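Let me begin by presenting the structure, written as structure tokens, before commenting on it.
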Amino acid sequence: MSQRRPVPRLAALDGLRLVAALMVVCYHYLALSRPWGHDPVTVFPTLHRFAEFGWLGVEVFFLVSGFVICMSVWGRSLGDFAVSRVSRLFPAYWIAVPLTALVVNKWPEITSIRGWDDVVVNLTMVQAGNNTRNVDDVYWTLFVELKFYVLMAIVVLCGVTYRNVLIFCGAWTVAAALAPSLGIPALAAFAMPQYAPYFIAGIAFYLMRRFGSNALLWGIVLFQLLLAQRYIHYRVAINLGHVAADQLPSWPARLVVVAGFAVVGAIALGAFDKVQWKWLSTAGAITYPLYLIHMFIGMTLIHHFRHLLPAPVLVGSVIALMMAAAWLIHRLVERPAGKWVRDAMKRGIEDVRLNSPARRRTRPLPPLPPAPEERRPLHSAGVH
């Protein structure tokens, strides 16, 4: 049986997270008209051409997520997996939601808050499931991630082994490939055919990292890369509009997707193991809060000050401010609150384990008192 090889911290993966986050940030700040009030091509004629494909950072995030989540479930129980995800996702999110709501409510230049009940529901992170409006548009990806976690939880329940993970990848691939034609909404919702190829490829890359590469795993990756091509035009239309999708060449988007696969594959094969710069750890840590707060808050700041500062200075200042705020959220909220949530959930799960029927059956039972018939004389019980 293949054994897990000791590996250093994957600092390059943290760097890739930051690159993906900045791609999305630049897309929102440089390629969309909302923060500027007009087409930003007049403001950034050259950068705009690159930034308009920055939304592909989301696809890179999903690819990295498949890798990281497969790594995180190995050797963990379902409770441990739930604890790790909740303590990782919610503390920063619980700050980002009200912070974004307050900024947008104070300066409703980009968008507005429809109602504070929406803000409260957003704190659950499942608002997309009940058609509640997102406080910030980037939150749609979190619901996709949550559905991925539900699917991975099934693997944890069945037992996380090399064989079971491969079966899961195969079953998910079939479901994602057939979901659009079967007309079953629930299947399409959880199979997520537009994004499944990135998660599944990320899982396969982690299996390469853990057990070594082979033709089977490379076949899975290449198959997912081919399936991903089916939805690139759709994603261009969603992010740039149907007219732009018909007019713009699709090869830049396809090139970015291929590059994302190549970089994660190189990380899986150890090509970047010597990259151990300490600052990459901080870069990876601030990526999530940066992603949560950058869009509507940053757009509002750009729109509010767009006539007071030169555009390059304004964008650079807003990005720096968002990164600094993300670092503060990480240090002052994520670290202490994440530990508190983790410890509290562990105590709760341990209570469940101690009081579960399966655990109770393993405890020695106290001796039962003798039955009433055993305390009476034998003859009175009808025994002769």
Side-chain angles (χ1 to χ4, degrees), residues 19-36 38-41 44 47-66 100 110-111 122 125-148 175-177 179-181 183 185 187-202 224-261 291-292 294-296 298-299:
V19 170
L22 290 176
M23 286 173 62
V24 177
V25 170
C26 289
Y27 164 67
H28 290 145
Y29 293 175
L30 305 178
L32 299 184
S33 61
R34 293 171 75 180
W36 302 100
H38 56 82
D39 191 342
V41 71
F44 303 101
L47 288 177
H48 178 271
R49 296 179 180 179
F50 295 94
E52 63 185 359
F53 289 102
W55 51 268
L56 284 158
V58 170
E59 274 72 0
V60 177
F61 272 131
F62 291 157
L63 190 60
V64 172
S65 183
T100 301
I110 296 297
T111 187
N122 267 248
M125 206 182 286
V126 297
Q127 60 273 10
N130 54 39
N131 295 321
T132 300
R133 181 182 176 186
N134 286 312
V135 169
D136 195 305
D137 283 354
V138 298
Y139 297 166
W140 72 268
T141 62
L142 302 180
F143 194 60
V144 173
E145 286 278 347
L146 289 179
K147 289 188 286 186
F148 171 49
S181 62
L187 177 63
F190 277 91
M192 300 180 289
Q194 304 97 321
Y195 313 112
Y198 303 98
F199 290 117
I200 297 171
Q224 303 309 319
L225 180 58
L226 293 175
L227 286 176
Q229 306 305 309
R230 168 66 178 81
Y231 296 98
I232 287 181
H233 185 273
Y234 162 82
R235 291 282 290 143
V236 173
I238 290 294
N239 288 278
L240 300 179
H242 293 278
V243 174
D246 293 334
Q247 294 177 348
L248 288 173
S250 63
W251 67 263
R254 300 183 193 279
L255 182 61
V256 172
V257 170
V258 171
F261 272 68
Y291 181 79
L292 292 177
H294 82 274
M295 187 175 180
F296 280 170
M299 282 182 164

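Since the structure is predicted, the reported quantities are computational estimates derived from the model, not experimental observations.
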V256 and M23, any side-chain heavy atoms less than 4.5 Å apart: yes
Expected output: side-chain Y291 to main-chain V138 donor-acceptor under 3.5 Å: yes
Check: N134 side chain, Y139 main-chain N or O, donor-acceptor pair, under 3.5 Å: no
F50, CZ: over 12 other non-hydrogen atoms inside 6.0 angstrom: no
Donor-acceptor under 3.5 Å (N239 side chain, W55 main chain): no
Test item: L227 and Q224 side chains (from C-beta on) under 4.5 Å apart, heavy atoms: yes
From CA spacing to verdict: side chain to side chain contact (heavy atoms under 4.5 Å, CB included), V24, M295: CA-CA 9 Å; V24 177; M295 187 175 180; over 6 Å; no
A51 versus L30, closest heavy-atom pair with distance: CB-CB, 3.6 Å
Donor-acceptor under 3.5 Å (W36 side chain, Y29 main chain): yes
Side chain to side chain contact (heavy atoms under 4.5 Å, CB included) partners of A179, counting only residues at least two apart: L187, A188, A191
Pairs involving residues 50-65, ordered by first then second residue, that meet salt bridge (charged side-chain N to carboxylate O under 4.0 Å, His left out) (sequence neighbours left out): E59-R235
Exercise: identify the closest heavy-atom pair between P193 and A176: CB-O, 3.3 Å
Reference residue T141; test side chain to side chain contact (heavy atoms under 4.5 Å, CB included); the match among F62, Y195, F61: F62
Partner set under ring-ring contact (aromatic ring centres under 6.0 Å, His included) for H28, not counting sequence neighbours: H294
Any V58 side-chain heavy atom under 4.5 Å of Y27 side chain: no
Nearest-0.5 Å distance that lies between atom CD in Q127 and atom CG in N122: 4.0 Å
Heavy-atom side-chain proximity of F296 to P35 below 4.5 angstrom: no
Pairwise side-chain contact, V144 with F148, heavy-atom cut-off 4.5 Å (strictly under): no
Atom of L146, atom of M125 and distance for their closest heavy-atom approach: CD1-O, 3.4 Å
Nearest-0.5 Å distance, CG of residue L32 to SG of residue C26: 11.5 Å
Backbone N/O of I232 and side chain of R254: donor-acceptor pair under 3.5 Å: no
Backbone N/O of M192 and side chain of K147: donor-acceptor pair under 3.5 Å: no
Least distance between heavy atoms, L63 atom then A201 atom: CD1-CB, 3.8 Å
D136 to L292 - nearest heavy-atom pair and separation: OD2-O, 4.0 Å
Heavy-atom closest contact (F53 atom, P249 atom, distance): CZ-O, 4.0 Å
Test item: P40 and H48 side chains (from C-beta on) under 4.5 Å apart, heavy atoms: yes
